[in-house]
Amino acid sequence: MREFTEETLTDAVVARLARTENARFKAVMTALIRHLHAFVREVELTEAEWTAAIRFLTATGQASVGDRQEFILLSDVLGVSMLVDAVNHRGGRGVTQSTVLGPFYIEGAPDLPMGSDISHGGPGEPTEVSGRVLTPDGKPIKDAVLDVWQTAPNGFYSTQDPNQDRFNLRGRFRTDASGAYFFRTIKPTSYPVPTDGPVGTILNAMGRHPMRPAHLHFIVSAPGYETVTTHLFVDGDPYLDSDVVFGVKNALIVAFTPKAGAKTLEAKYDFGLKPAARKTAA
Ligand SMILES: [Fe+2]
């Protein structure tokens, strides 16, 4: 067949995957093609809308330069990142729940000694963050690495702000023999995701605000355990119920309370890591 109709085109495109060798890739592409075609049929996409969509995706790619990742942000605000997270991390008792990575992570944050101040004495409410990294049955995990990053009080991550050092408010900490970690920082603030690019335009068109509730980001890893990418959210934040990227989970909300006898807040949280699935020989 060389001529296709509205009714036969989808099956014809899927049939061209007949010689695709990778079974998983074939399954993913088949579903992608069927869902994309179904979407076009359902909304009866106009040519002007299709052109606008191509322009939007092109602009999203063009805005993803250097440390800026507009496509992760797009995935985040459409709830796709949290859905990928949900189907991949179904958790379990004693395992810290995961949430979005977000677009502001950079590799290479310095390894810092326990108790270091990642704000380097910068502005903000001084805060001590501490806790332990544990197995699901509560045993300490030694040498777990916590890769931490957060915003400055102006709402910007270091990579968005030429007035901050590249690794300001970022650092990597390692647990001791009791699984404990401890670092100093400042209380994070709620902040808007960047609205000066294509994602800002589409949020505005949908009538949505761009705010995220205040949080600390963590990637917690240890040999033999599944890595957890997550946040700790500040209890009481006004945006907990309307996070623009749908990332909030109740178990990740932590009280930042005044420390007795000190002009410092403290936040405590124990992370739980799940043992990695054993790889069987092929
Ligand atoms: Fe963030």
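As the structure lists them, so they are numbered: ligands from 1, and atoms in each ligand from 1. Sequential numbering from 1 along the given sequence is applied to the chain's residues.
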Residues that, via side-chain heavy atoms closer than 4.5 angstrom, fall in one hydrophobic cluster with Val43: Phe39, Val40, Leu45, Trp50, Ile54
Phe104/His217 aromatic ring centres below 6.0 Å: no
May I ask you to say whether Asp76 pairs ionically with Arg212, meaning some side-chain N is under 4.0 Å from a carboxylate O? no
Picking from Thr151, Asn154, Thr159, what satisfies side-chain contact (heavy atoms from CB on, under 4.5 Å) with Gln164? Asn154
Counting only N and O atoms by type, is there a donor-acceptor contact under 3.5 Å from the side chain of Thr127 to the main-chain atoms of Lys187? yes
Cut-off under 2.8 Å, centre the Fe ion (ligand 1), protein N/O/S atoms: Tyr157 OH, Tyr191 OH, His215 NE2, His217 NE2
Sub-6.0 Å ring centroid separation between Tyr181 and Phe173: no
